[in-house]
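Heads up, the thing below is written out as structure tokens.
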Amino acid sequence: MHHTSFYVRRTTNPEGSTAYEVKAWSMLREIPAGQTTTYGAMAVKLGSRDARDVTAAIASNPIAVIVPCHRVLKKGGSISGYRWGVRRKRALLAREQRVTAH
């Protein structure tokens with residue numbers, strides 16, 4: 001087994017996590033670098049009507065870059081709270097935009 005996939009699996013399914021959280025984190029890993037989605041769009045894909053459910057699941061994400069919660073924005077595209085700071089979220093998004101633009 002490759003170490004990275006083992007690490008990702010172990011850290012994205014910690015004991016005590018709900019099935020909803022694990023599914024949300026899995027969806028986060030499917031968002032390509034340089035792209036974003038919204039909390040509402042994720043809620044629909046997860047079968048929830050309330051984007052706050054997604055927000056809560058994302059907020060419990062134990063690792064920031066491997067499970068890229070910074071790629072999820074508010075409905076209008078604005079940046080909202082981020083566990084590691086809004087400034088870091090903006091920086092991560094900007095870096096990904098630059099890297100994928102080349």
Side-chain angles (χ1 to χ4, degrees):
M1 181 180 292
H2 189 269
H3 290 289
T4 301
S5 62
F6 175 76
Y7 177 76
V8 169
R9 193 169 68 252
R10 292 284 295 149
T11 56
T12 58
N13 195 10
E15 210 170 298
S17 299
T18 68
Y20 187 87
E21 289 170 338
V22 172
K23 191 172 179 184
W25 300 337
S26 178
M27 286 179 64
L28 290 171
R29 292 193 317 271
E30 295 172 6
I31 304 168
Q35 295 185 23
T36 59
T37 190
T38 64
Y39 296 100
M42 282 190 67
V44 169
K45 287 181 182 179
L46 288 164
S48 172
R49 292 186 202 161
D50 195 339
R52 292 175 292 192
D53 294 339
V54 174
T55 303
I58 290 173
S60 62
N61 171 14
I63 50 178
V65 178
I66 294 174
V67 180
C69 53
H70 63 279
R71 296 181 186 151
V72 184
L73 306 174
K74 290 173 89 174
K75 185 168 135 179
S78 63
I79 293 177
S80 61
Y82 182 60
R83 183 183 205 175
W84 295 273
V86 172
R87 188 165 51 164
R88 183 172 290 172
K89 183 172 185 170
R90 278 193 187 99
L92 286 167
L93 290 170
R95 181 173 187 263
E96 288 181 351
Q97 291 282 326
R98 284 191 307 273
V99 170
T100 58
H102 291 99

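Residue Leu92 is not grouped with residue Val86 when hydrophobic side chains (ILVMFWY) are merged at heavy-atom distances under 4.5 angstrom, including chains of intermediate members. Cluster membership for Met42 and Val44, using ILVMFWY side-chain heavy atoms within less than 4.5 angstrom, is not shared.
Between the side chain of Gln35 and the main chain of Pro32, no donor-acceptor pair closer than 3.5 Å is present. Put simply, the side chain of Lys89 gets close to the backbone of Val72: a donor and an acceptor are under 3.5 Å apart.
Put simply, the side chain of Tyr82 reaches to within 4.5 Å of the side chain of Arg88, judged on heavy atoms.
Considering every non-hydrogen atom in both Ala41 and Thr37, the closest pair reads CB-OG1, 3.5 Å.
Taken to the nearest 0.5 Å, the NZ atom of Lys74 stands 6.0 Å off from the OG atom of Ser80. Atoms CG and SG, on Leu28 and Cys69 in that order, are 6.5 Å from each other to the nearest 0.5 Å. Remark: Ser17 OG to Lys23 NZ distance equals 15.5 Å, nearest 0.5 Å. Expressed to the nearest 0.5 Å, how far CD of Glu30 lies from CE of Met27 amounts to 7.0 Å.
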Run the side-chain donor-acceptor check on residues 49-58: report pairs under 3.5 Å with partners two or more places apart or on a different chain.
| unit_1 | atom_1 | unit_2 | atom_2 | d |
| --- | --- | --- | --- | --- |
| Asp50 | OD1 | Arg52 | N | 2.9 |
| Asp50 | OD1 | Arg52 | NE | 3.0 |
| Asp50 | OD2 | Arg52 | NE | 3.1 |
| Asp50 | OD2 | Arg52 | NH2 | 2.9 |
| Asp53 | OD2 | Ser48 | OG | 2.7 |
| Thr55 | OG1 | Ala51 | O | 3.1 |

Extract all donor-acceptor atom pairs below 3.5 Å that involve side chains of residues 93-100 and protein atoms in other chains or at least two apart in sequence.
| unit_1 | atom_1 | unit_2 | atom_2 | d |
| --- | --- | --- | --- | --- |
| Glu96 | OE1 | Gly34 | N | 3.3 |
| Glu96 | OE1 | His70 | NE2 | 3.4 |
| Glu96 | OE1 | Arg71 | NE | 2.9 |
| Glu96 | OE2 | His70 | NE2 | 2.9 |
| Glu96 | OE2 | Arg71 | NE | 3.2 |
| Glu96 | OE2 | Arg71 | NH2 | 2.7 |
| Gln97 | NE2 | Gly34 | O | 2.9 |
| Thr100 | OG1 | Glu96 | O | 2.8 |
| Thr100 | OG1 | Gln97 | O | 3.4 |

| message | Between Leu73 and Ile79, does the side chain to side chain contact (heavy atoms under 4.5 Å, CB included) criterion hold? Intermediate values first, please. | response | CA-CA 5 Å; Leu73 306 174; Ile79 293 177; 3.8 Å; yes
